[in-house]
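Positions are given from 1 along the sequence. In this text the structure is predicted, and so the values were computed from the model without any measurement.
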Amino acid sequence: MKVFLTGATGFVGHHVARALAGEGAKLRMLVRKTSNLANLEGIRGETHVGRLRCLDACGGRLSPLDS
């Protein structure tokens, strides 16, 4: 399963990311340029720096996705 996840650097989000990765999901995580990525250590997946308002700029990098 391919999953696009926002908020993965936050308290709840990194637990969600870890659980999804543990289930074998291929993660694409949107992070802000000012985000502390320490919570993502050990979580397999791609990080994309950006903002929700600018998803058009991500273009094809975020598709196709399952959720």
Side-chain angles (χ1 to χ4, degrees):
M1 173 172 50
K2 296 177 184 173
V3 177
F4 173 63
L5 182 63
T6 63
T9 59
F11 179 75
V12 173
H14 84 275
H15 290 290
V16 172
R18 195 170 303 280
L20 287 169
E23 293 292 322
K26 295 180 181 178
L27 298 178
R28 293 182 181 169
M29 299 169 280
L30 183 67
V31 299
R32 291 176 286 186
K33 65 180 177 181
T34 59
S35 292
N36 180 348
L37 302 181
N39 283 341
L40 300 182
E41 288 181 19
I43 298 174
R44 290 175 50 160
E46 301 172 14
T47 57
H48 297 275
V49 177
R51 299 182 327 186
L52 280 174
R53 290 186 232 170
C54 303
L55 283 182
D56 289 337
C58 292
R61 293 181 294 170
L62 298 178
S63 61
L65 296 168
D66 296 317
S67 49

Residues which pass side chain to side chain contact (heavy atoms under 4.5 Å, CB included) with Ser35, listed by chain and number, not counting sequence neighbours: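 Here the qualifying residues are Thr9, Val31, Arg32, Leu37.
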
Nearest heavy-atom pair of [X] and [Y]: which atoms, and what distance?
{"X": "Gly13", "Y": "Leu5", "result": "O-CD2, 4.1 Å"}
{"X": "Arg18", "Y": "Glu41", "result": "NH2-O, 3.6 Å"}
{"X": "Ile43", "Y": "Ala21", "result": "CG2-CB, 4.1 Å"}
{"X": "Val3", "Y": "Ala25", "result": "CG2-CB, 4.1 Å"}
{"X": "Leu27", "Y": "Arg44", "result": "CD1-O, 3.9 Å"}

Could you name each residue pair satisfying ring pair (Phe, Tyr, Trp, His ring centres under 6.0 Å) that touches [range], not counting sequence neighbours?
{"range": "residues 17-42", "result": "none"}
{"range": "residues 16-35", "result": "none"}
{"range": "residues 15-36", "result": "Phe11-His15"}

CE on Met1 to NZ on Lys26, rounded to 0.5 Å: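 The NZ atom of Lys26 sits 12.0 Å away from the CE atom of Met1.
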
